[in-house]
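Take a look at the structure below.
Chain naming here is simple, since letters A, B, ... match the order of the sequence lines and numbering starts at 1 in each. Reckoned from all heavy atoms, side chains included, excluding hydrogens, waters and symmetry mates.
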Protein chains: 2
Amino acid sequence: MTTTRRRGGAMSEVRRRRLRLEISREASRLFWEQGVDATSGDQIAEAVGLSTRTIWRHFRTKESCAEPLVARGVEWGMLILRAWPPHLSLEEHAAAERIRHVEEATADSVIDDRLALGIVALGDREPALRTAWLMACDKVERELAPVIARRLGLPADDHRVLPHAAATGAALRAYNEHVARTLLSGGDTQGLLHAPAHLARAVRGATGGAVGDAIAG
Amino acid sequence: MTTTRRRGGAMSEVRRRRLRLEISREASRLFWEQGVDATSGDQIAEAVGLSTRTIWRHFRTKESCAEPLVARGVEWGMLILRAWPPHLSLEEHAAAERIRHVEEATADSVIDDRLALGIVALGDREPALRTAWLMACDKVERELAPVIARRLGLPADDHRVLPHAAATGAALRAYNEHVARTLLSGGDTQGLLHAPAHLARAVRGATGGAVGDAIAG
DNA sequence: TGGCATTATGGCAGTAAGTGACGCGCGACG
DNA sequence: CGTCGCGCGTCACTTACTGCCATAATGCCA
């Protein structure tokens, strides 16, 4: 029995994701360098070495090309929350994960992170990019619900879970936007060392303290 | 002395808003009846009795035509929070405002509300409408910051205010989406009577209890 | 290893969203 | 009563995006 059911010469899911990310990288870079309006689909296609037609097969709109890269910013927070063991407080876990993240960082991943934050910051002026960012956050928020539900020992569609997920997503988003702004405006990168604490406090605050503590037992 | 300073035959701001709302009404109705993709700019223009060119003068994209109407859903919550007197708890104030809102409702406003919720619900399937909804909420959230700042007696750009604004906005959004879903799926409208309490509890929870109580003194 | 099925891709023509330019009409003001 | 400012319509134009068909690439199975 195969868990991943793909027939014929179908592209593997991981490969598809890689390709989308690659397109996203080039598109985001162009958006950053010359603005969204000044960047055409043809340019993106040429930059990534594909035909324009193929770009539109992988992305519905030009702006959405930025989503995968931009999503990695919040994805980092998502990974933390997903891998959050019950017996740890959020502060402890986030701090540990941050160290691991920094240790595992490659030159490329650093560039990606920087570029993603740039796009987020650019969203202040470019509505098109703002929607891409909001959509990415929206996607994260939807994935957040089951994670929080499991944390609280509630069914995923419980009416108390969704507001918590929304608030947590908002906290994550606000935090990322804050980082993006500070980084872009000359950047006091020193303050970013307290990231885990800030993030944990924001989530804790956003969920009224319901999400944050270690779970006994 | 004229407070609204307009020279020549300039369109007043209120008139401009009215026109945008009118366009939004027709566009949203068409989106609802036949889907976004099946609705062309020409159709919207014809429905509202303007030229297509004028539609694009008032809205940058087709989907954004839905924003003004859809924004009224959250705007209701915004109005409540904006007019929230310090000496009342959120529950008390929201309950009073809801009564007023129901009393002042006209046939048209009821239709508008219904249509707006329909568009919100439709956003689950139509990404284009989802972005419109998210943008509307985003706008509300930005306006929320100063309101919350004033409530807490903090400067608007305080680092504690923005997460609260984001979380409150998310709570508002989640609540509206919940209402939209229930209303669309056959609708237990009975439960909506507790709207003020739910909304207040959501905001309270989203801000860690910092926003919700009456302010003494 | 080699055929087969399935899918990703490229090229091209077509649709429709969105823009710039120009002229008209209308209401405001002297 | 002229003329000024501005919203609106018309038309030509650019470009994001889609269908369609041919072809190359890939995984499965003998």
Side-chain angles (χ1 to χ4, degrees), chain A residues 1-24 26-28 30-31 34-67 126-129 131-132 135, chain B residues 1-24 26-28 30-31 34-67 126-129 131-132 135:
Chain A
M1 166 181 171
T2 54
T3 51
T4 62
R5 182 122 101 96
R6 56 197 175 92
R7 350 168 221 188
M11 208 175 197
S12 82
E13 202 54 36
V14 51
R15 206 190 132 158
R16 188 179 179 82
R17 284 175 66 93
R18 273 205 191 285
L19 180 54
R20 278 176 59 92
L21 185 60
E22 181 63 25
I23 296 174
S24 187
E26 296 301 322
S28 299
L30 289 169
F31 289 161
Q34 54 188 9
V36 179
D37 292 345
T39 303
S40 69
D42 289 354
Q43 272 184 316
I44 299 174
E46 193 187 348
V48 71
L50 288 173
S51 86
T52 310
R53 184 64 184 86
T54 303
I55 301 295
W56 302 135
R57 268 192 242 279
H58 287 274
F59 293 95
R60 298 185 68 249
T61 68
K62 189 172 68 169
E63 318 92 63
S64 68
C65 287
E67 280 178 29
E126 304 253 18
L129 291 184
T131 64
M135 285 299 274
Chain B
M1 165 181 170
T2 54
T3 53
T4 61
R5 182 123 98 96
R6 55 194 174 95
R7 348 171 214 185
M11 206 176 196
S12 78
E13 201 55 37
V14 51
R15 186 170 156 71
R16 187 179 180 81
R17 286 175 67 92
R18 275 205 191 285
L19 180 53
R20 278 176 59 90
L21 185 60
E22 182 62 25
I23 296 173
S24 187
E26 295 301 321
S28 300
L30 289 169
F31 290 161
Q34 53 189 13
V36 179
D37 293 345
T39 303
S40 71
D42 290 353
Q43 270 183 319
I44 298 173
E46 194 188 347
V48 71
L50 288 174
S51 87
T52 309
R53 185 63 182 88
T54 302
I55 300 295
W56 303 135
R57 278 204 180 85
H58 288 273
F59 292 96
R60 299 183 67 249
T61 67
K62 189 172 68 170
E63 318 92 64
S64 67
C65 288
E67 280 178 29
E126 303 253 20
L129 291 184
T131 64
M135 285 298 274

Using whole Å, what does the distance between atom [atom2] of nucleotide [N] and atom [atom1] of [X] come to?
X: Ile44(A); N: dA16(D); atom1: CD1; atom2: C1'; value: 11 Å
X: His58(B); N: dG9(D); atom1: NE2; atom2: C1'; value: 12 Å
X: Phe31(A); N: dA16(D); atom1: CZ; atom2: P; value: 10 Å
X: Trp56(B); N: dT15(D); atom1: CH2; atom2: P; value: 18 Å
X: Leu50(A); N: dA8(C); atom1: CG; atom2: P; value: 13 Å
X: Asp37(A); N: dT14(D); atom1: CG; atom2: C1'; value: 13 Å
X: Arg53(B); N: dA12(D); atom1: CZ; atom2: P; value: 15 Å
X: Ile55(B); N: dA16(C); atom1: CD1; atom2: C1'; value: 15 Å

Exercise. Considering only heavy atoms from C-beta outward, does the side chain of Gln43(B) approach that of Gln34(B) to under 4.5 Å?
Worked result: yes

Exercise. Does a side-chain heavy-atom distance below 4.5 Å link Glu22(A) with Glu26(A)?
Worked result: yes

Problem set entry | Point-to-point distance, once rounded to the nearest 0.5 Å, from OG of Ser24(A) to CG of Leu19(A) | 11.0 Å

Exercise. Just how far is it from atom CG of Leu50(B) to atom CH2 of Trp56(B), taken to the nearest 0.5 Å?
Worked result: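 Spacing of CG (Leu50(B)) from CH2 (Trp56(B)) equals 12.5 Å.
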
Exercise. Using a cut-off of 4.0 Å on non-hydrogen atoms, how would the nucleic acid contact of Thr52(B) be classed: base, sugar-phosphate, or nothing?
Worked result: nothing

For this session: Would you mind classifying the nucleic acid contact of Arg60(A) as base, sugar-phosphate or nothing, using non-hydrogen atoms under 4.0 angstrom?
Result: sugar-phosphate

Exercise. Just wondering, are more than 12 heavy atoms of other shown residues or ligands nearer than 6.0 Å to CD in Glu46(A)?
Worked result: no

Exercise. What about Arg15(B), does its side chain sit under 3.5 Å from the base of dG7(D) through a donor-acceptor pair?
Worked result: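 Between dG7(D) and Arg15(B), which were checked side chain against base, a qualifying N/O pair under 3.5 Å is absent.
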
Exercise. With nearest nucleotides of DNA chain D determined for Gly41(A) and Arg57(B) from heavy-atom distances, which residue corresponds to the more 5′ nucleotide?
Worked result: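 Of the two residues, Arg57(B) wins.
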
For this session: Report the nucleotide, chosen from dC8(D), dG18(C), dT18(D), that has the shortest atom-to-atom distance to any side-chain atom of Thr54(B).
Result: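 The nucleotide sitting nearest to the side chain is dC8(D).
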
Seminar exercise, completed: Winner on side-chain proximity to Glu63(B), out of dG18(C), dG9(D), dC17(D), is dG18(C)

